[in-house]
Amino acid sequence: MTAAAIWSAEQMSDRPRVLILGGTAEAIDFANRATEKYDVTYSLAGRTRDPALPAGVSVRTGGFGGADAMVRWMAENSVSAVTDATHPFAAQIARNAATACRTAGLPRLKLLRSEWQVQSGDNWLNVADITKAASLLPSAGRRAFLSVGRQEISAFAAAENTALVVRSIDPPDNTDILPDATFITGRGPFSISDEIALLRDHDIDALVSKNAGGDATYAKIAAARELGITVIMVERPPVPAGLITDSVDTALTWLDALFG
Ligand code: NAP
């Protein structure tokens, strides 16, 4: 190894270690930018078979084993700060991260994209959870398009007299729970014109969505507005108390203020 390479490696190890809880586009953006100054570990639950990843960071996959185990993992890996950039509906890991950071005395920031807001022409039925969403079928629509994540489809086994079209990134493991449903796969971003065509092709009259926010999957909402389709919109779970931003720039400023 050359002297320059040794110096560079030492400098790398001196950099503050940041744990990014990921699984979202903004987590990848944040990780790609944070790695210029910080020693980043990008953490995934391991749900998606071929996940998008940031470049030039360490990646760890799989649950920690709860909040106490996360405290141990962070100590063993000399973590100095945590950014929880998980999906708005990933409520358990958000709670665990908040508890673990409080226990360990580590700074934590939640990077959370803004919610979609209802617009003129939208016909949304807001519901608290997936079970409530399923209970509105078939009264809200007899041919429903579900894009709620493959882990969530079991709630729709109770939706009788409703034709279901289910889209997920990877095929669900439990398709047998909805024997009459049509399953399709797809990963955003989607275009509005493609979403309109898809909803028309399947003669959809109700769309079930989580209020995920962000651009990558918004086209279905715009398409539903265009076609006058009812949207059963699942509201977000509560966010643990603490610092929160929807801006990657602000999250980077937060890190720089901690370690700059
Ligand atoms: P969750 O219900 O909040 O978490 C369940 C458990 O999965 C956690 O307790 C934790 O296990 C593990 N886990 C979750 N996220 C993790 C991460 N980034 N790194 C390490 N372990 C993690 O989460 P989820 O809804 O299953 O989401 C899992 C992942 O998929 C997240 O990274 C999230 O950003 C992404 N995602 C979720 C959705 C959604 O709609 N929920 C949509 C798109 C992407 P232990 O308790 O064993 O530590």
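As a basis for the values below, the full set of heavy atoms in this structure was taken, side chains included, without hydrogen atoms, waters or symmetry mates. Every number for a ligand or one of its atoms is a count from 1 in the order of the listing. Values in this document were obtained by computation on a predicted structure and should not be read as measured data.
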Exercise. Identify the protein heavy atom lying closest to atom 35 (C) of ligand 1, giving its residue, its atom name and the separation to 0.1 Å.
Key: G23 O, 3.9 Å
Quiz item: Between D249 and R33, does a salt bridge (charged side-chain N to carboxylate O under 4.0 Å, His left out) hold up when you go through it step by step?
Solution: CA-CA 9 Å; D249 284 344; R33 294 172 63 187; 2.6 Å; yes
Exercise. Considering only non-hydrogen protein atoms, determine which one is nearest to atom 23 (O) of ligand 1 and report residue, atom name and distance to 0.1 Å.
Key: A90 CB, 3.5 Å
Quiz item: Would the number of heavy atoms belonging to other residues, nucleotides or ligands and lying under 6.0 Å from CZ of R187 be above 12?
Solution: yes
Quiz item: Going by the order shown, which atoms of ligand 1 are within less than 4.0 Å of some heavy atom of G65?
Solution: 45 (P), 47 (O), 48 (O)
Quiz item: Among protein heavy atoms, which sits nearest to atom 29 (C) of ligand 1, and what does the distance come to when rounded to 0.1 Å?
Solution: A45 CB, 3.8 Å
Practice problem: Provide, to 0.1 Å, the distance between atom 11 (O) of ligand 1 and the closest protein heavy atom, together with that atom's residue and name. | Solution: G63 CA, 3.5 Å
Quiz item: Where's the contact between R60 and ligand 1, heavy-atom distance under 4.0 Å: side chain, backbone, both or neither?
Solution: side chain
Quiz item: In terms of residue, atom name and distance, what is the protein heavy atom nearest to atom 2 (O) of ligand 1?
Solution: Q92 CB, 3.8 Å
Quiz item: Does G62 come within less than 4.0 Å of ligand 1, judged by its heavy atoms?
Solution: yes
Exercise. Around atom 48 (O) of ligand 1, find the nearest protein heavy atom and jot down its residue, atom name and distance.
Key: F64 N, 2.7 Å
Quiz item: Quick check: does G22 get an N/O under 3.5 Å from an N/O on ligand 1?
Solution: yes
Quiz prompt | For T86, the ligand 1 atoms whose distance to one of its heavy atoms is below 4.0 Å | solution = 18 (N), 32 (O), 34 (O)
Quiz item: Nearest to atom 30 (O) of ligand 1, what protein heavy atom do you find, and at what distance?
Solution: R47 CG, 4.5 Å
Quiz item: Between D173 and R150, is there a side-chain N and carboxylate O pair less than 4.0 Å apart?
Solution: yes
Quiz prompt | Residues H202, T182; criterion side-chain contact (heavy atoms from CB on, under 4.5 Å); working and verdict | solution = CA-CA 10 Å; H202 291 280; T182 301; 4.2 Å; yes
Practice problem: In plain terms, say whether D201 and R143 are close enough for a salt bridge, that is, a side-chain N and a carboxylate O under 4.0 Å apart. | Solution: no
Quiz item: What distance do N77 atom CG and T41 atom OG1 have between them, rounded to the nearest 0.5 Å?
Solution: 6.5 Å
Exercise. Decide whether an N or O pair under 3.5 Å exists between S43 and ligand 1.
Key: yes
Quiz item: With only distance considered, is I93 within less than 3.5 Å of ligand 1 through an N or O on each side?
Solution: yes
Quiz item: What atoms of ligand 1 come within less than 4.0 Å of a heavy atom belonging to K210?
Solution: 39 (C), 40 (O), 41 (N)
Exercise. Could you establish whether A91 and ligand 1 come within less than 4.0 Å of each other, counting only heavy atoms on the residue side?
Key: yes
Quiz item: Please, which pairs that meet side-chain hydrogen bond (donor to acceptor under 3.5 Å, both in side chains) have at least one residue in residues 188-199, sequence neighbours excluded?
Solution: R167-E195, S191-S193, S191-D194
Practice problem: Could you tell me which atoms of ligand 1, counted from 1 in the order shown, lie closer than 4.0 angstrom to a heavy atom of N96? | Solution: 9 (O), 46 (O)
Quiz item: Between D246 and R113, is the closest basic N to carboxylate O distance under 4.0 Å?
Solution: no
Exercise. Rounded to the nearest 0.5 Å, what's the gap from CE on M74 to OG on S80? Could you check?
Key: 11.0 Å
Quiz item: So is T24 polar-close to ligand 1, meaning N/O to N/O under 3.5 Å?
Solution: no
Quiz item: Looking only at heavy atoms, which two atoms of Y218 and Q119 are closest? And how far apart?
Solution: OH-NE2, 3.3 Å
Quiz item: If only atom types and distance count, is the side chain of H87 paired as donor or acceptor with the main-chain N or O of F89 below 3.5 Å?
Solution: yes
Quiz item: For G66 and ligand 1, does the shortest N/O to N/O distance drop below 3.5 Å?
Solution: yes
Quiz item: ligand 1 versus H87, non-hydrogen atoms closer than 4.0 Å: side chain, backbone, both, neither?
Solution: both
Quiz prompt | Charged N-O contact under 4.0 Å between E152 and K210 | solution = yes
